[in-house]
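Letters A, B, ... mirror the listed sequences (proteins, then strands); counts begin at 1.
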Amino acid sequence: MKTILIADDSESIRELVEFTLKRAGYNVLKSEDGEQAIQHLTGQTIDLVITDLNMPRVDGIALIREIRKNKDYSSVPVLLLTTESQVSKKDEAREAGATGWIVKPFVQEKLLAVVQKVIR
Amino acid sequence: MENLQALFIEEAEELIVKLESALLNFERDLGNRGSIEEIFRAMHTLKGSASMFGFDSLSNLTHDLETVYDAIRDNRREATAQILEVTLRTTDHIKEILKDQNLGDTTNRETHEALLKDIKALNEYSHDSVRELKSGPVEIKTYYVSFCPANDIFKSGSNPLFLVDDLVALGEALVIPYFKPELFSTNICEDQCYTSFEVILAGTVSEMEIREVFLFVEGNAEVIIHFLAKGNLLKEPAFTKALAGDQSLRKMSFGFDSVKAIAENVRAVPMASSALTQSLNRMETATSIRVSSEKLDELMNLVSELVTSQARLALLAEQQGIADLNVVSENIEKITRRLRDNAFSICLVQVETVVTRFQRLIRDLSKELNKDVVFVAEGTETELDKSLIEKITDPILHILRNCIDHGIESPEERVAKGKSPQGKIHFKAFHSGATVHLEISDDGRGIDAARIKAKAVSKGLILEDTILTEKDIMDLVFTAGFSTAEKITDVSGRGVGMDVVKRNIDAIHGDVDLQSEKNKGTTFTIRLPMTLSIMDGMLVKIASSDYIIPLTAVDKCYEIDTRTLTSEISQRVVLDGSLVPVFNLRQAFAEEPSQSPITQIVKLNYNDFPVGVTVDTVVGEYQAVMKPLGDLYQTQEEFSGATILGDGSVALVVDINKFIRQLMNNNETKN
């Protein structure tokens with residue numbers, strides 16, 4: 001079973017993403033910010049990270065940079081959750097090493113479609 | 001041919017559901033281009049396949065209607081209430097024709113004639129709209145796609161192979177990889193990508209859709225997409241041979257120009273359109289197939305048998321103590337579980353398939369009763385076992401009838417009450433654990449508790465001085481022999497009351513209750529198990545008997561000192577720092593008190609409240625294949641069925657909600 005780590009400070013988004021992914025048969029880990037996400041990444045295999053852009057302490061872009069720096073998990077795919085108004089951030093995120101993005105609000109099918117684009 | 005006809009009927013029924021739903025959407029919002037397209041498409045497909053399968057009567061009907069909708073689609077005429085009316089009547093009639101294709105029934109024949117005339121009248125209305133249909137089959141095109149990932153593409157977490165897979169999934173494809181020269185140098189680096197791809201893709205996709213595949217790797221890869229030719233070039237053996245005939249490692253790309261040159265050389269005769277549609281159909285069939293429900297039932301039965309046999313195997317393996325056998329048995333258990341889940345998911349159907357029927361009922365009824373009602377459906381993607389959906393539709397239709405007839409007031413009455421003249425019925429479906437909740441609420445006059453009680457007293461259902469809670473009073477509605485409508489209307493006074501609704505829902509191990517507030521509205525909540533045949537349970541032992549508790553109801557297990565238990569059936573025990581009511585099941589089942597020093601408490605979730613039950617031992621997780629208890633036990637509700645354990649003995653499956661409710665009631669009457 002593939003393990004997906006979700007980092008978002010909004011509980012409702014975390015729950016929604018978890019619900020959707022679990023139902024599709026993924027194992028889901030949750031973290032409230034980038035710092036927690038890094039802790040999760042250390043010492044276990046994560047197949048995909050889905051992160052929000054704005055989070056307290058370590059934000060999405062910083063998290064991606066952090067991930068790409070560490071040899072242990074530098075090649076894990078990272079999807080960024082953005083809103084329509086943050087589209088300009090996409091380039092910055094790509095520069096940092098994001099694999100792709102999901103624009104909020106999203107429907108569950110869309111989320112799954114994007115996830116299946118990057119892990120199988 | 002008969003088999004094919006059955007298949008067509010099945011397909012046609014699905015199309016009619018789609019058509020109806022689109023029609024109703026269109027009626028609500030006449031400017032909706034999406035619905036009009038859908039109506040047209042459904043009509044077109046119906047007509048086409050009807051004539052292919054010998055349903056000429058159906059094909060005649062749809063032919064002229066299709067012309068009407070074609071005109072609406074092209075803005076050559078306006079959609080009118082009359083057109084919608086005739087179309088809806090036609091869809092009803094089509095349902096009849098599907099059962100009686102030769103119009104043997106006189107009523108059917110008369111309706112048919114009348115409809116043909118009405119439809120003709122619609123067309124005469126706009127002579128200029130008679131025109132040949134122009135939409136042919138969708139065209140297949142062949143594209144050249146070059147995908148050259150940057151060397152460090154892995155660093156962004158992307159996998160180029162997934163993108164190639166996505167591309168291939170768009171149609172028929174020929175993938176030609178080639179390797180960058182760096183691969184052949186001495187210092188290659190394992191985290192670099194040295195492969196590029198040229199893909200010849202044939203399908204009905206647009207260039208935009210192809211570009212979409214590479215959305216995430218823009219900037220991380222060089223992507224070139226060119227239109228190559230009309231039709232499917234991959235059907236030309238000479239073309240594919242020229243490109244893929246050589247199996248050796250390629251060190252460079254062909255490039256668009258040379259591929260195009262090869263294409264022009266081999267292309268002499270354009271493809272016939274029949275071949276086009278054929279290959280189109282082939283691509284479609286790959287995504288889903290149709291299976292008869294008997295075959296599915298058979299599959300489910302076999303899976304159930306397998307689960308039971310596997311339980312025996314697991315027990316044997318454990319008793320024999322052979323390590324290797326245990327490994328095999330555990331493996332089979334895992335596979336069985338997956339097979340079971342898979343088989344289940346095949347039998348699940350989205351609630352959406354019946355929502356159209358609800359919508360239609362509401363539309364027709366509110367017209368008939370001169371009420372203005374809007375229907376909102378939410379969570380229609382929620383899935384439920386096919387057999388359950390069939391059994392739950394009628395009860396819901398009955399509830400809806402009640403909502404419109406008794407619940408929603410007339411527009412005048414609503415305005416007088418300061419409400420919007422338009423009433424609203426809200427249908428909501430969602431999962432909660434392994435149960436599916438279906439909620440139907442209206443914003444009508446609500447149920448007057450005092451009136452219900454008075455009625456129940458006058459009907460002799462309860463005594464005048466009976467003290468009842470609000471909920472108890474509401475539950476009276478579901479009692480046999482109860483109907484509050486002061487004058488029986490044609491609509492809900494059809495001889496069936498809410499007690500039938502409850503009985504039907506009970507029969508599928510579901511639960512229904514209602515909440516109501518005067519002048520605010522009424523909400524019916526139906527809770528159903530997602531499936532009836534197999535479930536994950538927890539096997540527990542009480543005295544010498546085995547019981548299965550549905551795993552979804554189990555919260556946590558505790559061990560306590562048996563001496564702390566009193567001889568009462570119900571008592572409070574501190575679990576995790578809070579007082580929880582605990583039922584002593586040995587007492588409840590009139591067994592001797594336990595001799596073991598330790599008793600286990602299983603904390604359950606009863607309507608969101610924690611409740612504990614005592615058991616002797618918690619054996620573990622168990623996949624229970626549900627068997628009915630037989631006619632003698634029809635009247636009890638506490639046990640929803642039984643299951644056969646690995647050693648051949650029987651365990652009863654507890655229906656937690658009803659079981660706890662019963663325990664509470666018994667306890668109250670005793671005090």
Largest heavy-atom contact set with chain A, pairs under 4.5 Å, which of B:Asp152, B:Val213, B:Asn159: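 Of the candidates given, the most pairs with chain A belong to B:Val213.
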Show me, pair by pair, the donor-acceptor contacts under 3.5 angstrom made by side chains of residues 59-66 of chain A, not counting sequence neighbours?
residue: A:Asp59; atom: OD1; partner: A:Ile61; partner atom: N; Å: 3.3
residue: A:Asp59; atom: OD1; partner: A:Ala62; partner atom: N; Å: 2.9

Could you look at A:Ser75 and say if it's the side chain, the backbone, both or neither that has a heavy atom under 4.5 Å from chain B? both
So what's closer than 4.5 Å to chain B heavy atoms on A:Arg68: side chain, backbone, both or neither?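 Contact with chain B is through the side chain of A:Arg68 alone.
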How long is the gap from CD1 on A:Ile46 to NE2 on A:His40, to the nearest 0.5 Å? 7.5 Å
So, are A:Glu18 and A:Arg14 salt-bridged, with charged N and O less than 4.0 Å apart?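 Answer for the salt bridge query: no.
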B:Leu215 versus chain A, heavy atoms under 4.5 Å apart: side chain, backbone, both or neither?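 When you check distances to chain A, atoms from both the backbone and side chain of B:Leu215 fall under 4.5 Å.
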For B:Phe154, is it the side chain, the backbone, both or neither that has a heavy atom under 4.5 Å from a heavy atom of chain A?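 For B:Phe154, the backbone is the part near chain A, not the side chain.
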Answer yes or no: is there a side-chain heavy-atom contact under 4.5 Å between B:Gln350 and B:Thr382? no
B:Lys428 to B:Phe430 six-membered ring, cation-pi geometry met (6.0 Å, 45°):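 Yes.
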